[in-house]
Amino acid sequence: MEIRPSRYDHPDAVALDALVQQEYARRYGDDGDITPLTPEMFAPPHGAYLIAYAGARPLATGGWRRQEDAAEGYAVGDAEIKRMFVLPEARGRGLARRILAALEADARAAGRSRMVLETGTKQPEALELYASSGYVMVEKFGLYRTYEDSRCMAKSLVEPA
């Protein structure tokens with residue numbers, strides 16, 4: 001497996017994004033994640049977007065974007081994870097964990113101090129992944145902060161002194 005940086009509007013990213021939206025719709029019974037996202041949000045140094053490949057085949061994706069809007073509950077230094085997804089046939093190989101670690105390292109190198117994410121109660125494997133990777137529940141933030149089944153998590157990117 002090779003993890004490569006990509007643009008959010010790259011054809012492989014667009015294809016994987018369509019699949020993750022279908023997954024959200026299947027689990028939550030709606031139109032998927034309506035968070036407005038643009039390729040510029042994931043452009044360095046304000047973010048990054050990664051795709052994991054097996055040869056030429058894209059299998060998994062994830063990105064982070066700078067997010068500091070206090071009105072929506074973010075804090076200065078936050079990097080928000082978006083579009084973490086692994087194709088069903090590629091799950092169980094550690095791809096999500098590898099992408100997550102790469103996103104954390106990239107955000108830390110970009111000067112971000114905290115990684116944050118929003119997921120939901122109908123994604124138990126995501127909740128388990130993040131908890132086992134050191135993320136803790138925090139006060140809700142972002143577009144889905146008023147939704148009952150929303151869960152927000154965070155992890156410090158600053159090494160303890």
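Side chain of Glu68 to main chain of Gly77: a donor-acceptor pair is present (N/O by atom type, distance under 3.5 Å, no hydrogens or angles). Checking side-chain atoms of Arg27 against main-chain N and O of Lys122 turns up a donor-acceptor pair under 3.5 Å. A donor-acceptor pair is defined here as one N or O able to donate and one able to accept, closer than 3.5 Å; no such pair exists between the side chain of Arg65 and the backbone of Gly47. The main-chain N or O of Leu157 is never found under 3.5 Å from a side-chain atom of Glu104 such that the two would form a donor-acceptor pair. With hydrogens and angles ignored, the 3.5 Å screen pairs a side-chain donor or acceptor of Arg145 with a backbone N or O of Gly142. Side-chain atoms of Thr61 come within 3.5 Å of backbone atoms of Leu50 as a donor-acceptor pair (strictly under, hydrogens ignored).
From Asp69, atom CG reaches atom CG of Asp78 across 10.5 Å, with rounding to the nearest 0.5 Å. Here Arg151 contributes atom CZ and Met153 contributes atom CE; the two are 10.5 Å apart, rounded to the nearest 0.5 Å. Here Tyr8 contributes atom OH and Ile51 contributes atom CD1; the two are 11.0 Å apart, rounded to the nearest 0.5 Å. Annotation: the span from Leu117 atom CG to Lys82 atom NZ amounts to 9.0 Å, rounded to 0.5 Å. Atoms CG and CE, on Leu100 and Met115 in that order, are 6.5 Å from each other to the nearest 0.5 Å. Between the NZ atom in Lys155 and the CD1 atom in Ile81 there is a gap of 9.0 Å [rounded to 0.5 Å].
Residues satisfying the salt bridge (charged side-chain N to carboxylate O under 4.0 Å, His left out) test with Asp9, not counting sequence neighbours, are Arg7.
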Please step through side chain to side chain donor-acceptor pair (under 3.5 Å) for the pair Gln123 and Tyr28, ending with a clear verdict.
-> CA-CA 9 Å; Gln123 294 169 265; Tyr28 294 96; 2.9 Å; yes
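For the pair Lys140 and Ser150, the tightest heavy-atom approach, listed with the atom from each and the gap, is CE-O, 3.0 Å. Nearest heavy-atom pair, Leu127 versus Thr121, reported as atom, atom and distance to 0.1 Å: CD1-CA, 4.2 Å. In this structure, Pro45 and Ala110 approach most closely via the heavy-atom pair O-CB, 3.8 Å. Shown here for Trp64 and Phe42, the closest heavy-atom pair between the two residues is O-CD2, 3.3 Å. For the residue pair Arg114 and Val116, the shortest heavy atom distance occurs at NE-CG1, 3.4 Å.
When side chains are defined from C-beta on, Asp33 counts as touching Tyr144, because their heavy atoms get closer than 4.5 Å.
Residues Val86 and Met1 share a single hydrophobic cluster, defined by chaining ILVMFWY side chains whose heavy atoms lie under 4.5 Å apart. Linking ILVMFWY side-chain heavy atoms closer than 4.5 Å, directly or via other members, places Tyr49 and Phe85 in a single hydrophobic cluster. Cluster annotation: Leu129 and Val20 are assigned to distinct hydrophobic clusters (Ile/Leu/Val/Met/Phe/Trp/Tyr, side-chain heavy-atom contacts under 4.5 Å, transitive).
Contact check on Asp106 versus Arg112 returns no salt bridge, with no Lys/Arg side-chain nitrogen under 4.0 Å from an Asp/Glu carboxylate oxygen. Taking a cutoff of 4.0 Å between a charged side-chain nitrogen and a carboxylate oxygen, Arg91 and Glu89 do not qualify as a salt bridge.
Under the 3.5 Å distance criterion, with hydrogens and angles disregarded, no donor-acceptor pair is assigned to the side chains of Arg108 and Ser113.
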